[in-house]
Amino acid sequence: MAKMRRIPRAFQDTKGVPGQYTTDPAVAPPEQIRAIGRAYDKAKRIGRGEQLFTPLSVGKPIVAQLDGVSTSASNAPGSVSQTKNQRVRRSGSVKTSVSFRNLVMRDPSVSLIPNVGLNIDELPLSYKTALQMLQTKVRLMENDPENSEEFVRFRELLQRRTDQESEQARLRSMFRRFDNLYHPTTMTLGGADHWPEDPGARLAGRAHISVNVHPAYVNIPASLQAVRPVINYVPSNTDPESRQLAAERERLFFRWWEENDFDLLLEDACMLKALYGHTAAKIYWDPYLQIPRISIVEAPENLYLGYGSSDFRRIDWSLYVYGLSAQAAKEEFGIDVVPVHHGTSTFLYTTSSTHDDPLASVYRNNLEKNPQRNRSQYELQQVEVYDYWYKKPTEPGKPPIVCNAIFVGNTMVKNEEHPEYEGVLPYLPLVNQRIPGSPYGKPELYDVEQLLREKDERMSAQAQMIHSTVGGQMWQLVGAEAPDEVPANAIPKPNRIATPGPGNEIRNITPFIPEFQVEDYNRRIDREIAVVTGLNDLLLGLAPTSVLGSSRAIASLVANYEARLAPKRKILYSWIKQVWEVTGKLWSEKDRDVEFILGGEYRLDIVPPELTPRDTLELAQTAINLVQNRIWSADRAMDRVGVEDPEGEKDVIREEQTDATLNPASVLTMGNLVAVFRQLGVALPGQEQGAAPGDAASQSMNASRTLNAPPTGTEAMNSPEQQANPPAESVPANAQPGVAMAEPQVATQENA
């Protein structure tokens, strides 16, 4: 048996998290100490993949315990009838598979982060100072810090942020690099420069060119992805009631879309994910507008996410850090921020306005600076706010409870449970293009940056060569008596006569101009950029007139780029569905009327939009043909071409088709159809029960009589044979068709 000092109290991926125990015989009996040793040895061997064969008559370890063996009365003592997770061996032993789920019974309200081994001195100095000041405050209030929810959550928050800080620092460095390419902040005499470290930018007589075309490779794909897609609510069934409910849900969805101005949010999200590779959306409840709202994370480096699975599909906690001014903190949270100067440094103290805090806690001021501008003195007084979301486990197989704690400085202003999120954190990440084995996406400038840098260098070299050629003419003095030093009157000057001296001659020096295929090389770089990004001359605005005049060529070029956008679009549309599902659950929890309308149905059908007018016309013509050939219904055609409310659109169409001033032919056709139905004694389609018989028919026939005037034309058209047949209801009863032929027969029968 191995000598040990501590045993695992919880297991994660076969790795034990140490827990304290005692082997003092004065405290623990010898049997318990031996049981601890056996359990520890067994745990290590099972963690290495060994198969253990434990005799049935074993002791009772107090840490790990196998499931008991159940026996029946019909079996002899000691015989095995049923064993859970066990298989009987001939040698009287069973093959066990130990479950470590019940090694330690935890309180669901207690954090899953083990506090054992956490050393405050190992934290960064700023975290350590803030945590120690909070600890002092709790003790002065005569409370135990380990039993203080505020202290425990703040320590948990800082530890998790410390664990993620190295990765966030890497992301922050990469984001600043892309920020400089997207919007250079260095200004030179020639303008904005994204590579001022080039020696040619600082040496006199050297050419330096900064081609700032990087935003085009970010904005163009982002704008094309942000075009609103065709979104339809999928009914739960095919019956008319389900379709009507789906129409009501779709109206509710587009109301939420317009209230949040989601078209603008979609543009921002696509731009941020194209520039940084990923961003996220936060879903929250607006108590004033009584509607769920969406905000896009503009600084992904300040969003810390704790992924709970190796495939990055589960998020256990999230932390977003942002800054608030002292006035905003006072108005929103009731927190006082007091700046205190210590030498050349300034610290921010935060304290609640209720005066319950006996010690104003010191707060650090290392909020991530905005690299695009210098922060003013007022902004330097902003206090850091932690928006911390975590989960409390419930029963196995059921979603955990989502909780939110907000710290202004190191003062907790909120710590509430949010069961309406149903185990899903409100921060939903969005990636630009998936990278295998990484939770982040690939930015648009990641692969194209070096090609654009090569273009900067080559164009600078070409400009330097041109400058050396035309920058000035060079001369030399030749002759048998040419002096070693050129006299002043021998140097050629404008409108002056040069006197080189007898027997001497002034000759110009022709510089060496190497011949390179400069334009071919530049075109090759542009071709490689097009291969990497997929952006052709049409999308960059460089297409010739021959291409712009051909709709077929435009459609082909756009279709080629749509294939590049397809994976990114699918990720974006899947993210929209996730956002709506979380939003719908939150809205249903807050508003019972919305819960009645949605009914737990959040399924959306999203189809990519058409990017060119030609594609739009072709889609409309396809829908018309399919409806006319009875392949599509009118509702499906409206959904496909992007009509937001097909039911409402059909009501408008009905009103227009029954307006005699707009569609006389349709009204006339309907009137004739109503007359035929009346003659056949068939009820009109859609006629309400209990309505006065003939009301709808009378209105239709009145419109028919009004519109059925004799045709106008020449005098010859007024002859009786050219007149149209009058309406049937305007002809006397004895002049109805067929009546005149029937009367002689009746008279003949009477005479007989």
Side-chain angles (χ1 to χ4, degrees), residues 172-223 271-272 274-277 298-299 301 368-376 379 443-474 494 509-544:
R172 191 173 294 114
S173 175
M174 184 175 64
F175 293 164
R176 297 294 79 81
R177 182 185 187 95
F178 293 144
D179 282 336
N180 179 65
L181 296 176
Y182 187 81
H183 182 74
T185 57
T186 302
M187 298 299 296
T188 63
L189 295 177
D193 191 350
H194 66 264
W195 62 307
E197 68 277 3
D198 179 31
R202 300 185 300 270
L203 298 178
R206 297 289 299 274
H208 173 78
I209 297 177
S210 177
V211 185
N212 299 328
V213 297
H214 302 79
Y217 296 95
V218 175
N219 295 334
I220 293 176
S223 299
M271 189 275 291
L272 290 170
L275 179 60
Y276 298 133
E298 295 188 358
E301 69 269 16
E368 178 64 26
K369 306 298 189 299
N370 187 351
Q372 304 299 331
R373 56 184 295 269
N374 294 326
R375 304 179 71 202
S376 63
E379 292 175 336
E444 295 291 343
L445 298 177
Y446 192 85
D447 294 326
V448 75
E449 178 188 359
Q450 60 177 343
L451 294 173
L452 293 175
R453 179 60 176 267
E454 176 68 16
K455 194 170 184 179
D456 287 335
E457 294 178 354
R458 298 288 75 79
M459 292 190 67
S460 298
Q462 296 160 19
Q464 181 64 36
M465 182 180 64
I466 296 174
H467 174 74
S468 301
T469 303
V470 301
Q473 294 181 347
M474 293 177 290
I509 301 176
T510 303
F512 171 72
I513 303 178
E515 295 183 1
F516 297 107
Q517 295 180 349
V518 175
E519 290 300 325
D520 292 341
Y521 185 75
N522 292 339
R523 282 193 293 268
R524 177 58 186 271
I525 296 178
D526 293 336
R527 181 176 179 274
E528 298 300 331
I529 294 176
V531 171
V532 172
T533 63
L535 296 176
N536 47 54
D537 290 344
L538 174 67
L539 298 175
L540 293 173
L542 304 176

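- Proximity of His194 to Thr186: side-chain heavy atoms (C-beta onward) are nowhere separated by under 4.5 Å.
- Evaluation of the side chain to side chain donor-acceptor pair (under 3.5 Å) rule for Thr188 yields no partner, not counting sequence neighbours.
- Taken from CD1 in Ile525 to CD in Gln450, the straight-line distance is 11.0 Å, to the nearest 0.5 Å.
- Across all their heavy atoms, His214 and Leu445 have their closest contact at O-CD2, 3.8 Å.
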Can you give me every donor-acceptor pair (side chain of residues 197-207, partner residue at least two apart or in another chain, under 3.5 Å) with its distance?
unit_1: Asp198; atom_1: OD2; unit_2: His208; atom_2: ND1; d: 2.8
unit_1: Arg202; atom_1: NH1; unit_2: Pro196; atom_2: O; d: 3.3
unit_1: Arg202; atom_1: NH1; unit_2: Glu197; atom_2: O; d: 3.3

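- In this structure Tyr276 satisfies the ring pair (Phe, Tyr, Trp, His ring centres under 6.0 Å) test together with Phe175, sequence neighbours excluded.
- Among residues at least two apart or in separate chains, side chain to side chain donor-acceptor pair (under 3.5 Å) pairs with a member in residues 524-533 are Lys455-Asp526, Arg524-Glu528.
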For residues 534-542, tabulate all N or O donor-acceptor pairs below 3.5 Å that involve a side-chain atom, not counting sequence neighbours.
unit_1: Asn536; atom_1: OD1; unit_2: Leu538; atom_2: N; d: 3.2
unit_1: Asn536; atom_1: OD1; unit_2: Leu539; atom_2: N; d: 3.1
unit_1: Asn536; atom_1: ND2; unit_2: Leu557; atom_2: O; d: 3.3

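- Two residues are said to be in side-chain contact when any heavy atoms from C-beta on lie closer than 4.5 Å; Val213 and Leu452 meet this criterion.
- Residues forming a side chain to side chain contact (heavy atoms under 4.5 Å, CB included) with Ala530 (at least two apart in sequence, or on another chain): none.
- Scanning for salt bridge (Lys or Arg N to Asp or Glu O under 4.0 Å) contacts around Glu454 gives Arg458, with sequence neighbours left out.
- For Glu457, the CD atom counts as densely surrounded, since its 6.0 Å shell holds more than 12 non-hydrogen atoms of other residues, nucleotides or ligands.
- Residues Ile209 and Ser460 form a side-chain contact, since some pair of their non-hydrogen atoms from C-beta on lies under 4.5 Å apart.
- Summarising the geometry of Val532 relative to Val448, their closest heavy-atom pair is CG1-N, 4.3 Å, with the distance given to 0.1 Å.
- Considering every non-hydrogen atom in both Asp179 and Arg176, the closest pair reads OD2-NH2, 2.7 Å.
- Atom OG of Ser173 is separated from atom CD of Glu301 by 11.0 Å, given to the nearest 0.5 angstrom.
- Contacts of Glu449 classified as side chain to side chain contact (heavy atoms under 4.5 Å, CB included), with partners at least two apart in sequence or in another chain: Arg177, Phe178, Leu181.
- Not counting sequence neighbours, Ala461 has no partner by the side chain to side chain contact (heavy atoms under 4.5 Å, CB included) test.
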For this session: Report the C-alpha separation of Met459 and Val211 in whole Å, then their side-chain angles, then the decisive distance to 0.1 Å, and conclude whether the side chain to side chain contact (heavy atoms under 4.5 Å, CB included) test is met.
Result: CA-CA 9 Å; Met459 292 190 67; Val211 185; 3.8 Å; yes

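- With sequence neighbours left out, the side chain to side chain contact (heavy atoms under 4.5 Å, CB included) criterion links Val531 to no other residue.
- Side chains of Tyr182 and Asn212: a donor-acceptor N/O pair is absent below 3.5 angstrom, by distance only.
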